Amino acid sequence: MKRLRLLLVAYWFGVFLILHLAEAQSQEGFISLDCGLPLNEPPYIESETGIQFSSDENFIQSGKTGRIPTNLEPENLKQYATLRYFPDGIRNCYDLRVEEGKNYLIRATFFYGNFDGLNVSPEFDLHIGPNKWTTIDLQIVPAGTVKEIIHIPKSNSLQICLVKTGATTPMISALELRPLASDTYIARSGSLKHYFRMYLTNASVLLRYPKDVYDRSWIPYFQPEWTLISTTANVSNKNHYDPPQAALKQAAAPTNLDAPLMMIWSLENPDDQIYLYMHFSEIQVLKANDTREFDFVLNGETINTGVISPKSLEITTRLTTNPRQCKGGICRMQLIKTQRSTLPPLLNAFEVYSVLQLPQSQTTESEVVAIKNIKSTYRLSRITWQGDPCAPKQFMWDGLNCSITDDISSPPGIISLNLSASGLSGTIVSDFQNLTHLESLDLSNNTLSGMVPEFLASIKSLLVINLSRNNLSGSIPQALRDRERKGLKLYVLGNKYLCLSNTCIDKPKKKFPVTIVAPVVSVATIVVVMILLFVFKKKMSSRNKSEPWIKTKKKRFTYSEVMEMTNNLQRPLGEGGFGIVYHGDLNGSEQVAVKLLSQTSAQGYKEFKAEVELLLRVHHINLVSLVGYCDEQDHFALIYEYMSNGDLHQHLSDRFKLEAISLKFQQLLLVLWGTLIPNIT
Ligand SMILES: *[C@@H]1O[C@H](CO)[C@@H](O)[C@H](O)[C@H]1NC(C)=O
Ligand SMILES: *[C@@H]1O[C@H](CO)[C@@H](O)[C@H](O)[C@H]1NC(C)=O
Ligand SMILES: *[C@@H]1O[C@H](CO)[C@@H](O)[C@H](O)[C@H]1NC(C)=O
Ligand SMILES: *[C@@H]1O[C@H](CO)[C@@H](O)[C@H](O)[C@H]1NC(C)=O
Ligand SMILES: *[C@@H]1O[C@H](CO)[C@@H](O)[C@H](O)[C@H]1NC(C)=O
Ligand SMILES: *[C@@H]1O[C@H](CO)[C@@H](O)[C@H](O)[C@H]1NC(C)=O
Ligand SMILES: *[C@@H]1O[C@H](CO)[C@@H](O)[C@H](O)[C@H]1NC(C)=O
Ligand SMILES: *[C@@H]1O[C@H](CO)[C@@H](O)[C@H](O)[C@H]1NC(C)=O
Ligand SMILES: *[C@@H]1O[C@H](CO)[C@@H](O)[C@H](O)[C@H]1NC(C)=O
C-alpha cells in the first residue's frame with residue numbers, strides 16, 4: 001500500500017518519464033492547452049508524446065500569464081513552463097467546445113513552481129460546469145498535481161472553472177480533453193474521478209500517448225510477492241477500452257501458486273463510491289492440461305462477473321457495473337483461483353475511479369447559447385460572466401437573476417436580465433427571444449438603435465421591459481402593444497426617434513382611406529404647433545417646476561386626491577404611451593379615467609404637457625373631455641371623463657361614424673390615448 005501511494009505521488013513528475021515516440025496517430029478531438037502560452041507563440045509538438053499543444057487564450061477571457069523560473073522547470077515538459085493565474089474575480093472558467101453526450105477524459109495539470117516568487121503554494125477549488133470537481137492544494141503536493149475525470153458533457157460547451165477559496169491565487173498549467181469510446185466507463189450516475197490507473201510490470205515506463213490512443217497514462221506497478229509474465233507476441237487490445245498493447249504484454253501472477261493476487265488501497269474519502277476496471281490477457285502458452293480460472297472478490301464479496309478465464313493474446317475487460325463502497329475507506333481486491341484452475345490468477349492492467357456526483361443542473365442550454373451570443377455581440381466583458389450563467393447560485397452572473405429551485409437537478413432559467421448602462425450599441429439582437437423564462441428585461445440607458453423588435457412579444461413570461469434612454473426608432477410593434485394591454489410594462493421613454501403612438505408614418509395609410517390623409521396632416525400640424533407654442537411659452541417664462549403650468553379653469557387635483565379617486569390605483573383600464581390609465585370616480589358620482597404619467601424623465605414630462613395643452617385647446621363636443629389634472633412634484637396625472645357605455649372603442653366608433661370631422665378626432669384621440677383605443681377601422 002505504501003509503495004502504491006509513493007508511486008501515485010511520483011506520478012508524472014520526472015521519475016517514470018521514459019516514453020518512446022511511435023509514429024504519430026490521429027489526435028482527433030484532442031484539446032491540448034498549454035495554459036499561459038502567449039497567443040502569438042505557435043502551437044508546438046510536445047517531445048514526449050508528439051501531442052500538439054497550443055495557447056489557451058481563445059478559451060478563457062481572464063487571467064494572466066506566469067512563467068516559472070528555468071531552474072524549476074520540469075525537464076521535457078514544456079507545458080509546465082508557463083501557466084495562467086487569476087488575480088481577478090472569484091470564478092474564472094475555461095469554455096471548451098465539446099460534443100454533447102460524448103465521453104471525455106479531462107485532465108488538468110497544476111504546477112506552481114514558485115512562478116511569482118512568493119513561495120506560497122495556492123489552494124483553490126476546481127469546478128466542472130456548475131459543480132465542484134475537487135480541491136487543489138499545492139501545499140500538500142508541492143511537486144504539482146494532475147486531476148483527471150471521465151465526464152459526459154450535457155451540452156456542447158464545457159466549463160472548467162478555477163474558484164478562489166482563500167487568500168491564494170488559483171493557477172493552472174495545462175488542460176487536456178480526450179474523447180473516449182462512448183460505450184466505455186459509464187457510471188450509473190455522476191462522473192468518474194481518476195483514482196489510479198496502472199499496468200503490472202517491474203519496469204519503470206509510464207505509458208501514454210501514442211501507446212494509449214486515448215492518452216490515458218498508465219503507471220507501472222509491481223509487488224515483491226508477484227512473478228512477472230511477459231510475451232513478445234502481439235496482443236489484441238481492441239474492445240473499445242483499448243489499453244496500450246504494451247500494458248497487455250506483461251502481467252503479474254502471485255509467485256505462490258495458491259495465493260490470491262491481492263491489492264489493497266485506501267480511499268481519500270472513506271465514503272467514496274468506486275468503480276474498478278481490470279484488463280486481462282493470457283500471455284503464457286498453456287499446456288493442454290492447464291487451466292487458468294479465477295474469481296473476482298472485492299472486500300470479501302465475490303463480484304458476480306462470472307469466472308474469469310482470460311483469452312489467449314486477446315483482451316478481456318471486467319468491471320464493476322455498480323458503484324462499490326469500501327468499509328472504512330480501505331479497499332481490498334483479490335483474484336482467487338478456482339478449484340479446478342491449475343494456474344494462479346493473473347492481471348495485466350487495473351483502473352480505479354471514484355464517483356463524483358454532479359447534482360447541480362446547468363442552465364437550460366438554449367438560454368446559455370443566447371446569453372453567450374448577447375455577451376459577444378455587445379462585447380460585454382464582465383469578470384463574473386464566465387461559467388454557467390445561473391449556477392451555482394453564488395456565482396450567478398451579475399445583472400442576471402435565475403429561477404433556482406431547491407431541486408437543483410432541474411435546470412435553472414434566466415428570469416431577469418439587467419444590462420442597463422452597459423454600453424450596448426447596435427440593434428436588439430434576436431438572441432433575446434431565446435431567453436424564454438425572462439420576466440424582466442432592462443436594456444435602458446444604452447445606445448441601442450434600430451426598431452423595437454416584435455419578437456420581444458413572444459417571450460411569454462415577460463412582465464417588464466425597459467428600453468428607455470436608447471436610440472431606438474420606428475414604432476412600437478402591435479404585438480407588443482397587445483401584450484401591454486395584457487399587463488406587460490414597456491418603458492420606452494428617451495428614444496428620440498421612436499414613435500409612441502399608433503399613428504406613425506406608415507400605419508395610418510393602411511388603416512384609413514386616402515381622404516383622411518389631410519385631416520391627419522392637420523392634426524399633426526396642430527400637435528407641432530402646440531408643442532412649439534409650449535416650448536415658446538416655456539422659454540418666455542423660466543418657470544418653477546412645482547408651479548402649475550397649465551392656465552386653465554379645470555380643476556387641479558392633489559396626488560392624494562388622485563389616489564383617493566382611483567382607490568389607490570386599484571383598477572387599471574389600459575396603458576398608453578406615457579402611462580397607465582386607471583378607473584376612478586369623483587365624489588362617488590362622476591366616473592373618470594385617470595392617466596398617470598409613468599415616468600418623470602424630461603421626455604415624458606414634455607409629452608405629458610403637450611397632451612394637456614392639446615386637450616385643453618382642441619375642445620370639441622364629441623371629444624372625451626378633460627376633467628382635471630394633477631401636477632404635484634413628481635406626480636402627473638390627467639383626469640378624463642369616463643365612457644361608461646360600452647368600451648371606449650365602441651363609443652367612439654358609434655359617435656364618429658362616417659364623419660370626416662370625427663375621423664380627425666379619432667386620430668387625435670389616438671395620439672392622445674396611445675394604445676388605449678385599439679384600431680378604429
Ligand atoms: C523484471 O523481471 C524479470 C523477470 O523476473 C527480470 O528478468 C528483469 O530483470 C526485471 N526487470 C527489472 C527492471 O527489475
Ligand atoms: C505485431 O504487429 C505489428 C503490426 O501491428 C507487426 O509489425 C509485428 O510484426 C507484429 N509482431 C509479431 C510478433 O507478430
Ligand atoms: C500436465 O501435463 C504435463 C505433461 O505434458 C505433465 O508433466 C503434468 O504433470 C501434467 N499436470 C497435471 C496437473 O496433470
Ligand atoms: C432561438 O430561437 C429561435 C426562434 O424561436 C430558434 O429558431 C432557435 O433555434 C433558437 N436558438 C437556440 C440556440 O435554441
Ligand atoms: C432573484 O429572484 C428571486 C426569485 O426567483 C428573488 O427571491 C431574489 O430576490 C432575486 N434576486 C435579485 C438579486 O433580484
Ligand atoms: C438595473 O441596474 C441598475 C443599476 O445598474 C439599476 O439602477 C436598475 O434599477 C436595475 N433595473 C432593474 C429592472 O432592476
Ligand atoms: C446612465 O448611464 C450613465 C453611464 O453610462 C450613468 O452615469 C447615468 O447615471 C445613467 N443614468 C440612469 C438614469 O441610469
Ligand atoms: C428605465 O430605465 C431608465 C434609465 O435607466 C430609468 O431611469 C427608469 O427608472 C427605468 N424604469 C423602470 C420602471 O425601471
Ligand atoms: C441615433 O439614430 C439615428 C438614426 O435613427 C442616427 O442618425 C444617429 O446617429 C444615432 N445616434 C447615436 C448616438 O447612435
Side-chain angles (χ1 to χ4, degrees), residues 10-86 92-98 104-116 122 126 136 138 143-149 158 160 162 170-180 194 205-219 244 246:
Y11 171 38
W12 267 120
F13 292 94
V15 197
F16 299 104
L17 285 170
I18 317 154
L19 292 162
H20 304 284
L21 257 182
E23 72 274 19
Q25 295 195 37
S26 139
Q27 295 173 21
E28 202 185 323
F30 281 26
I31 296 177
S32 312
L33 304 180
D34 180 349
C35 305
L37 185 74
L39 197 56
N40 58 15
E41 276 190 36
Y44 62 87
I45 306 285
E46 192 205 46
S47 61
E48 300 294 343
T49 58
I51 290 174
Q52 176 170 300
F53 276 81
S54 54
S55 168
D56 62 338
E57 229 165 277
N58 287 333
F59 301 90
I60 191 153
Q61 69 180 56
S62 53
K64 296 194 164 111
T65 287
R67 194 174 278 278
I68 59 176
T70 11
N71 61 324
L72 291 175
E73 233 175 82
E75 240 179 286
N76 293 328
L77 288 169
K78 188 164 188 285
Q79 72 263 40
Y80 303 156
T82 59
L83 55 89
R84 183 171 294 274
Y85 66 104
F86 301 95
N92 289 272
C93 299
Y94 282 87
D95 191 349
L96 306 168
R97 276 207 69 75
V98 291
Y104 285 88
L105 180 140
I106 302 162
R107 182 162 49 217
T109 306
F110 308 87
F111 182 66
Y112 169 59
N114 195 21
F115 76 94
D116 52 5
L126 191 62
I136 307 294
L138 295 172
T145 188
V146 179
K147 296 291 176 188
E148 226 182 75
I149 194 169
L158 174 73
I160 305 291
L162 288 88
M171 50 80 38
I172 183 166
S173 305
L175 186 58
E176 297 159 90
L177 253 74
R178 312 287 181 236
L180 299 171
H194 169 266
V205 178
L206 179 87
L207 299 177
R208 224 192 122 175
Y209 189 84
K211 293 200 166 168
D212 185 308
V213 290
Y214 299 121
D215 191 27
R216 288 161 297 189
S217 48
W218 301 80
I219 59 165

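As the structure is a prediction and not an experimental result, all values here were calculated from the model.
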Is there a side-chain contact between [X] and [Y] in this structure, where contact means two heavy atoms from C-beta onward sitting under 4.5 Å apart?
X: L105; Y: E148; result: yes
X: K147; Y: T145; result: yes
X: I172; Y: L83; result: no
X: T109; Y: Q79; result: no
X: P244; Y: W218; result: yes
X: I149; Y: H194; result: no
X: L162; Y: F110; result: yes

Atom of [X], atom of [Y] and distance for their closest heavy-atom approach:
X: R84; Y: G63; result: NH1-O, 3.4 Å
X: G50; Y: Q27; result: O-NE2, 2.8 Å
X: G113; Y: P69; result: O-CD, 3.3 Å

Those residues that, when tested against C35, pass disulfide bond (SG atoms under 2.5 Å apart) (two or more places apart):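 Disulfide bond (SG atoms under 2.5 Å apart) check on C35 returns nothing, list empty.
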Checking [X] now: which residues fulfil side chain to side chain contact (heavy atoms under 4.5 Å, CB included) with it, not counting sequence neighbours?
X: S62; result: I60, F86, N92, I383, Q386
X: I45; result: Q52
X: D116; result: Y112, N114, L118
X: R67; result: P38, E41, T82

Sidechain N-carboxylate O distance under 4.0 Å for K78, D34: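 Result for this pair is no, no salt bridge flagged.
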Salt bridge present between R216 and D212 (N-O < 4.0 angstrom):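 Looking at R216 and D212, the cut-off is met.
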Whether F30 and Y209 hold their rings parallel, tilted or perpendicular, with breakpoints at 30° and 60°: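 Plane angle over 60°, so perpendicular.
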Spacing of OG1 belonging to T49 relative to NZ belonging to K211, to within rounding of 0.5 Å: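 Rounded to the nearest 0.5 Å, the OG1-NZ separation comes to 13.0 Å.
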Point-to-point distance, once rounded to the nearest 0.5 Å, from CD1 of I136 to CE of M171: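 If we round to the nearest 0.5 Å, I136:CD1 and M171:CE are 9.5 Å apart.
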Those residues that, when tested against F59, pass ring-ring contact (aromatic ring centres under 6.0 Å, His included) (two or more places apart):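 For F59, no residue satisfies ring-ring contact (aromatic ring centres under 6.0 Å, His included) once neighbours in sequence are set aside.
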Donor-acceptor under 3.5 Å ([X] side chain, [Y] main chain):
X: T65; Y: G36; value: yes
X: S173; Y: F111; value: yes
X: S55; Y: L37; value: yes

Suppose we screen for side chain to side chain donor-acceptor pair (under 3.5 Å). Which residues come up paired with [X], at least two apart in sequence or across chains?
X: S32; value: R178
X: E57; value: none
X: Y94; value: D56

The single option from L177, L175, L158, I106 passing side chain to side chain contact (heavy atoms under 4.5 Å, CB included) against I31: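 Answer to the side chain to side chain contact (heavy atoms under 4.5 Å, CB included) test with I31 among L177, L175, L158, I106: L177.
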Worked verdict on L96 versus L33 for side chain to side chain contact (heavy atoms under 4.5 Å, CB included): CA-CA 11 Å; L96 306 168; L33 304 180; 3.9 Å; yes
